[in-house]
Amino acid sequence: MDNKFYITTAIAYASRKPHIGNSYEIVLTDAIARYKRLKGYDVFFLTGTDEHGQKIEDIAKENNISPKEYVDDVANQIKNLWDLMDCSYDKFIRTTDDYHEAVVQKIFKKLYEKGDIYKSEYEGLYCTPCESFWTETQLVDGCCPDCGRPVKKTKEEAYFFRMSKYQDKLEKYIEENPDFIQPESRKREMINNFIKPGLQDLCVSRTSFKWGIPVDFDPKHVIYVWIDALTNYITALGYDPDGSSETFKKYWPADVHVIGKDILRFHTIYWPIMLMALDVPLPKKVFGHPWLLFGTDKMSKSRGNVMYADDLARHFGVDAMRYYLLKEMPFASDGSITYETIIARFNSDLANTLGNLVNRTVAMSNKYFDGKVCSTGAFEDIDKELKDACVNGAMEYTKLMDELKVADALEVIMSIARRANKYIDETAPWVLAKDEANLNRLSEVLYNLLESIRFISILISPFMPKTSEKIFEQINTDVTAFNSLSSFGGLKEGKVGTATALFARIDEAKKLAEIEKEIEANVKATNEKKDSEVEGVSIIGIEDFSKVELKVAEILVCEPVKKSDKLLCLKLDDSSGEPRQVVSGIATWYSPADLIGKKVIVVSNLKPAKLRGVVSNGMILAADCPNGDVKVIEVSKDIPNGSKIR
């Protein structure tokens, strides 16, 4: 068989520290890479950072540092997070690496000389955060269809890539390679929404900012981020139009690009066409994974619902978070994360099912046989069910992992653990231990349990590597190869180690209170930092202020938000028809009765947000006062509801 396996993540955009939803991708890819190594593959696992573009140039300017200084810091944060999450990548590429920049310039020039890139003028709509161009018809409510932010009209000289030239070739490739785009639903979306309507030539350079790789034969242009970013998958291996390295020849084409569903278009349309134009083979598969949502909302800093991997690992442990991320994300639909569900999954699967199984079995082996492990052959029919669960489970696990159905593969492991726990209840070792005549049977039962734990430890190693090591240490075995799972009975006679708890149950109320206190401290620190920087507040023009819609509204209803000491839910009459619902963090200073009937000022065109599961459609204005007090700004009752504040 072809023993090489090349797998990549999308490179993380170095505009800010990644949240836990971003971290899911690197953990998923790492689990697949570790699985392939477990199966004996020669794996090359690539990740890294995407560091150019107007957004980064703008952020660096706001922070009064150079773009390179800014991305150096963020790239370091990203790499540290990936290391913290125990990700076994083979290379971490940065698009500011000298070798990458040099090859990107060569690629651009080659495509230009071939006639696939030409100079023209771009006039259209541009989303800076997404680094994407859009037509009027692609916008949603006048905003970027990907991120929902406003777009800007842009007109500038630019180079274009002849995407349209390769449309038929791309359609044919997708048709002849049905597994190229996964899951199937994403493939249909790409074909029906983007390819069939007709491909437009792609703008591939910019002149309105400087933070990018210059076009070497026309240096006022910088190379557009997608050519720069996408080619990392081949430059990292040593691709060069003038002669590529042996590493590139060995590992390319990629076996799978693991990416978020929001950038599938770039990886299944732009990227394949670039490779066709370069006469380079296409990757075998692009897997567009779903999103990890906070509750039911997409995670974003602006919504205030961001979780970070380092914080979660500190509270729950690295392996527990790896397990949660991989177990809670379905193959083709979005997953969900909340502190409550993390704790529930931790207690049920890790503490009760897996941890309890290992602890009880090792403890009984030490108690009844001084730790000695021995198969006596004292077989009973009930043993077959456990053995079949292990051997058949290993085969099912292999099939699922080869299909990238990671959450389902983890469920197979947990089903083996549940079956083993049931086997303990069925065989009742503590009862067998009361009669010396049953010692051979007791020894066989404990052997079967230890062997099932060995199966579990091998299967779980790609997902929870440190936990797997701890289990091997407790059952004291070096039989850890995947091919040892083809039959039951690979555990050698010997002696187990000491039983230690893998996962201690979490007190939900206590942990949630601890997290809430930490969040409050972080918010306070952030606010204090903002207060200390007040002299550096940016000056805005009247056109910026005019974007904010302020209205007079009367408070009709006011109620506390469940499970929150700080939030009140207000129903306001601003003469817009139905009462407007607004959630405000003022419960520390006001009781509901204090507010009913008052007239206040509401920001009525604020994007909806969800706080503690309650939708808020606006924000009321309040003033920070001395001694930590807060006062809601009231207006005269003579002013009609709905009046605009200017």
Side-chain angles (χ1 to χ4, degrees), residues 1-12 25-26 29-30 32-34 36-37 39-52 75 79 82 87-114 116-117 161 166 169-170 173 177 179-181 204 213 216 223-259 263 266-287:
M1 72 169 183
D2 180 6
N3 201 40
K4 71 90 186 170
F5 189 81
Y6 180 36
I7 187 169
T8 71
T9 68
I11 49 177
E25 184 174 300
I26 186 78
T29 309
D30 180 68
I32 297 166
R34 286 178 181 272
K36 287 294 182 179
R37 292 192 196 104
K39 293 292 296 294
Y41 283 81
D42 176 3
V43 173
F44 195 98
F45 170 16
L46 175 71
T47 190
T49 43
D50 172 11
E51 301 183 12
H52 292 124
K79 192 171 186 295
W82 290 182
C87 295
S88 59
Y89 53 85
D90 295 286
K91 186 166 187 175
F92 189 100
I93 187 173
R94 296 180 57 185
T95 56
T96 52
D97 289 337
D98 291 345
Y99 71 89
H100 172 79
E101 293 188 342
V103 175
V104 168
Q105 287 180 318
K106 285 186 179 183
I107 289 170
F108 194 95
K109 190 172 185 179
K110 177 178 179 177
L111 296 175
Y112 176 74
E113 290 172 346
K114 189 178 178 181
D116 284 335
I117 285 179
F161 178 49
Y166 293 91
K169 191 174 180 180
L170 177 63
Y173 182 85
N177 296 272
D179 292 334
F180 174 56
I181 304 174
V204 290
I213 302 173
D216 60 352
I223 296 169
Y224 180 53
V225 67
W226 285 109
I227 283 189
D228 171 11
L230 288 164
T231 52
N232 91 89
Y233 303 125
I234 53 177
T235 63
L237 294 177
Y239 170 80
D240 190 311
D242 297 334
S244 299
S245 72
E246 290 304 313
T247 303
F248 174 77
K249 293 172 186 175
K250 176 182 179 181
Y251 287 106
W252 191 261
D255 291 272
V256 59
H257 292 317
V258 179
I259 61 164
I263 54 172
F266 307 111
H267 284 77
T268 58
I269 300 175
Y270 301 177
W271 179 225
I273 289 177
M274 284 181 215
L275 291 169
M276 288 173 178
L278 291 169
D279 297 316
V280 171
L282 271 58
K284 296 176 185 177
K285 184 175 293 185
V286 179
F287 175 57

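Note that these values count all heavy atoms, side chains included, but never hydrogens, waters or copies made by symmetry.
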Residues forming a side chain to side chain donor-acceptor pair (under 3.5 Å) with Thr49, sequence neighbours excluded: Glu51

For Tyr233, check ring pair (Phe, Tyr, Trp, His ring centres under 6.0 Å) against everything at least two apart and list the hits. His257, His267, Trp271

Side-chain donor or acceptor of Asp50 paired with backbone N/O of Thr95 under 3.5 Å: no

Looking at Trp226 versus Phe266, is the centre-to-centre ring distance below 6.0 Å? yes

Might you point out which heavy atoms bring Lys114 and Met276 nearest each other, and give the distance in Å? NZ-O, 4.2 Å

Is there a side-chain contact (heavy atoms from CB on, under 4.5 Å) between Ile32 and Phe45 once you walk through the steps? CA-CA 10 Å; Ile32 297 166; Phe45 170 16; over 6 Å; no

Show the numbers, then the answer: is there a side-chain contact (heavy atoms from CB on, under 4.5 Å) between Asp116 and Phe161? CA-CA 6 Å; Asp116 284 335; Phe161 178 49; 3.9 Å; yes

Listing, residues 101-110 side-chain donor-acceptor contacts under 3.5 Å, not counting sequence neighbours, or none:
{"residue": "Glu101", "atom": "OE2", "partner": "His52", "partner atom": "NE2", "Å": "3.2"}
{"residue": "Gln105", "atom": "NE2", "partner": "Pro214", "partner atom": "O", "Å": "2.8"}
{"residue": "Lys106", "atom": "NZ", "partner": "Asp240", "partner atom": "OD1", "Å": "3.3"}
{"residue": "Lys106", "atom": "NZ", "partner": "Asp240", "partner atom": "OD2", "Å": "3.0"}
{"residue": "Lys106", "atom": "NZ", "partner": "Asp242", "partner atom": "OD2", "Å": "3.0"}

Take Asp255 and Lys4 through the test salt bridge (Lys or Arg N to Asp or Glu O under 4.0 Å) and record every step on the way to the result. CA-CA 9 Å; Asp255 291 272; Lys4 71 90 186 170; 2.8 Å; yes

Side chain to side chain donor-acceptor pair (under 3.5 Å) with Tyr99: which residues, sequence neighbours excluded? Lys91

Residue set satisfying side chain to side chain contact (heavy atoms under 4.5 Å, CB included) with Ala12, at least two apart, ordered chain then number -> Ile78, Trp82

On a heavy-atom basis, which atom in Thr9 and which in Thr47 lie closest, and how many Å separate them? OG1-OG1, 2.8 Å

Could you give the distance from NZ (Lys36) to CG (Asn3), rounded to the nearest 0.5 Å? 10.0 Å

Criterion side-chain contact (heavy atoms from CB on, under 4.5 Å) on Asn177 and Lys285, from CA distance to verdict: CA-CA 9 Å; Asn177 296 272; Lys285 184 175 293 185; over 6 Å; no

Neighbour count above 12 (heavy atom, 6.0 Å) for Phe180 CZ: yes

Quick one: CG on Leu46 to CD1 on Ile234, what's the gap to the nearest 0.5 Å? 11.5 Å

Could you measure the distance from the NZ atom of Lys249 to the OH atom of Tyr239? Nearest 0.5 Å is fine. 12.0 Å

Between CD1 on residue Ile227 and CE on residue Met274, distance to nearest 0.5 Å: 5.0 Å

For Lys250, check side chain to side chain donor-acceptor pair (under 3.5 Å) against everything at least two apart and list the hits. Asp42

Rounded distance [0.5 Å steps], CD1 in Ile273 versus CG in Leu170: 5.0 Å

Gly238 to Phe248 - nearest heavy-atom pair and separation: C-CB, 4.1 Å

Between Ile11 and Ala229, what is the shortest heavy-atom contact and its length? CD1-O, 3.7 Å

Nearest 0.5 Å, what's the CG-OG1 distance between Asn232 and Thr8? 7.0 Å

For Tyr173 and Pro283, the nearest pair of non-hydrogen atoms, with its separation, is OH-O, 3.4 Å

Which atoms form the tightest heavy-atom contact between Pro281 and Leu275, and what is the distance? O-CD1, 3.9 Å

Between Ser245 (side chain) and Leu237 (backbone), is there a donor-acceptor pair under 3.5 Å? yes

